[in-house]
S.K.: 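Could you have a look at this structure, given as structure tokens, before my questions?
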Amino acid sequence: MENFSSIEKQKSLDALNNQIRSCKKCGLHATRKHALVGEGNVNANIMFVALSPGAKEDIQNKMFVGPSGKVFNKLLYEAEIDRNMVFMTNLVKCTLPKNRKPKANEIEACSRFLNDEISIIKPEVIVPLGHYATRSILLKYHANPDNQNMNFKNINGQLLDFNGVKVYPLTHPSALLYNPSYETITIEKYKKLKDFM
Ligand code: SF4
């Protein structure tokens with residue numbers, strides 16, 4: 001049976017998701033089919049933060065169902081983690097046309113939703129996937145992403161602690177589509193997630 005906190009979390013999430021689905025705060029609303037809301041276990045210890053929905057995700061209105069979703073599934077399988085055990089969301093909730101980079105104003109406009117998701121889910125560990133999600137999470141916790149020590153390459157697979165908030169940046173699954181040679185090292189880093197469950 002769901003406990004009280006799960007029910008309250010789900011209610012808060014449902015209200016937030018209604019706002020996301022109807023949001024027109026930035027220009028990306030004009031080219032999306034769906035504004036994707038977060039998915040997964042509201043009591044998850046781990047929250048993945050990807051960049052934005054891909055084309056397939058936009059059409060199917062579901063996270064990680066396209067090519068990078070297949071890679072993500074494999075990484076979770078290797079790490080012995082079930083999707084139902086984690087929570088997944090995006091930094092930018094609407095798809096980026098032709099997989100272009102996000103603009104600063106789009107990240108800025110959408111970041112309140114991510115902040116609210118983090119406040120509701122209260123994960124033990126936030127796992128930003130790739131450069132943009134990691135940069136945004138660092139800024140949220142007042143770390144300087146332009147500092148060499150905080151360069152994504154240097155903190156990929158490192159557990160960071162910002163006054164009790166744990167952040168574990170990892171490679172975005174889509175990066176392996178372009179650089180399959182990263183797979184072995186990436187799997188090793190994903191396997192460490194089990195320690196946080
Ligand atoms: S990307 Fe975010 S801020 Fe922009 S329209 Fe979509 S939900 Fe709203």
Side-chain angles (χ1 to χ4, degrees), residues 8-44 46-73 83 86-123 125-146 152 162 165 167-175 177-178:
E8 289 303 306
K9 279 185 178 185
Q10 193 60 59
K11 269 191 201 166
S12 302
L13 207 54
D14 290 346
L16 177 65
N17 289 347
N18 285 338
Q19 291 178 42
I20 295 172
R21 289 186 182 109
S22 59
C23 176
K24 294 185 177 176
K25 281 198 296 182
C26 82
L28 290 173
H29 82 272
T31 46
R32 76 181 181 215
K33 288 196 169 39
H34 296 99
L36 247 70
V37 300
E39 288 175 29
N41 189 330
V42 293
N43 292 315
I46 293 177
M47 178 191 272
F48 288 99
V49 182
L51 173 56
S52 72
K56 281 233 166 116
E57 284 80 6
D58 182 42
I59 291 168
Q60 294 188 32
N61 196 17
K62 223 172 152 29
M63 285 207 63
F64 284 125
V65 290
S68 62
K70 284 188 182 153
V71 178
F72 186 62
N73 286 343
R83 268 201 196 208
V86 300
F87 192 85
M88 305 165 290
T89 192
N90 284 297
L91 171 63
V92 174
K93 311 299 188 200
C94 299
T95 193
L96 294 158
K98 296 184 181 164
N99 285 333
R100 70 159 167 78
K101 293 175 182 175
K103 295 175 185 166
N105 71 305
E106 293 162 349
I107 293 174
E108 171 73 26
C110 217
S111 60
R112 183 181 75 78
F113 294 134
L114 176 60
N115 289 340
D116 287 352
E117 287 174 311
I118 292 170
S119 298
I120 293 167
I121 302 296
K122 297 185 176 57
V125 185
I126 300 168
V127 183
L129 300 173
H131 167 81
Y132 286 101
T134 299
R135 187 177 172 84
S136 288
I137 293 293
L138 291 180
L139 287 169
K140 174 176 168 59
Y141 295 109
H142 312 293
N144 181 1
D146 297 320
F152 178 68
F162 300 111
V165 179
V167 176
Y168 184 65
L170 285 176
T171 301
H172 194 286
S174 64
L177 295 171
Y178 303 104

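All ligand and atom numbering here is 1-based and tracks the order in the structure. Every heavy atom of this structure was used, including side-chain atoms; hydrogens, water molecules and symmetry mates were not. The shown structure was predicted, so the numbers you read here are calculated from the model rather than taken from an experiment.
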S.K.: Got an N, O or S from His29 under 2.8 Å of atom 4 (Fe) of ligand 1?
M.R.: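 Coordinating: no.
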S.K.: Is atom NZ of Lys56 surrounded by more than 12 heavy atoms (other residues, nucleotides or ligands) closer than 6.0 Å?
M.R.: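 Open.
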S.K.: Please list, in number order, the atoms of ligand 1 under 4.0 Å from a heavy atom of Ala109.
M.R.: 3 (S)
S.K.: Among all protein non-hydrogen atoms, which one is nearest to atom 6 (Fe) of ligand 1, and what is the separation to 0.1 Å?
M.R.: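 Checked against all protein heavy atoms, atom 6 (Fe) of ligand 1 sits closest to Cys94 SG, 2.3 Å.
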S.K.: With salt bridge (Lys or Arg N to Asp or Glu O under 4.0 Å) as the test, pick out the partner of Glu117 among Lys122, Arg112, Lys9, Lys93.
M.R.: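 Exactly one candidate clears the test, Lys93.
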S.K.: Please tell me if the side chains of Leu138 and Phe162 come closer than 4.5 Å, counting only heavy atoms from C-beta onward.
M.R.: yes
S.K.: Mark up the atoms of ligand 1 that fall under 4.0 Å of a heavy atom belonging to Cys110, in ascending order.
M.R.: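 Those qualifying, in numeric order: 1 (S), 2 (Fe), 3 (S), 7 (S).
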S.K.: Can you tell me the protein heavy atom closest to atom 4 (Fe) of ligand 1 and the distance?
M.R.: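 Atom 4 (Fe) of ligand 1 sits closest to the protein heavy atom Cys26 SG, 2.4 Å.
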S.K.: Evaluate the ring planes of Phe64 and His172, with Trp represented by its six-membered ring, and classify them as parallel (under 30°), tilted (30 to 60°) or perpendicular (over 60°).
M.R.: tilted
S.K.: Is any side-chain heavy atom of Ser52 closer than 4.5 Å to a side-chain heavy atom of Asn99?
M.R.: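 No, their side chains stay 4.5 Å or more apart.
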S.K.: Using a 4.5 Å cut-off on heavy atoms from C-beta on, say whether the side chain of Lys140 contacts that of Ile118.
M.R.: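 Result yes, sub-4.5 Å side-chain heavy-atom pair found.
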S.K.: With heavy atoms of Val92 as the reference, note each atom of ligand 1 found under 4.0 Å away.
M.R.: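 Counting from 1, the qualifying ligand atoms are 1 (S).
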S.K.: Between Arg32 and ligand 1, find which residue part has any heavy-atom pair under 4.0 Å and reply side chain, backbone, both or neither.
M.R.: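 Looking at Arg32 and ligand 1, just side chain atoms fall under 4.0 Å.
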S.K.: Tell me whether Cys23 has at least one N, O or S atom under 2.8 Å from atom 6 (Fe) of ligand 1.
M.R.: no
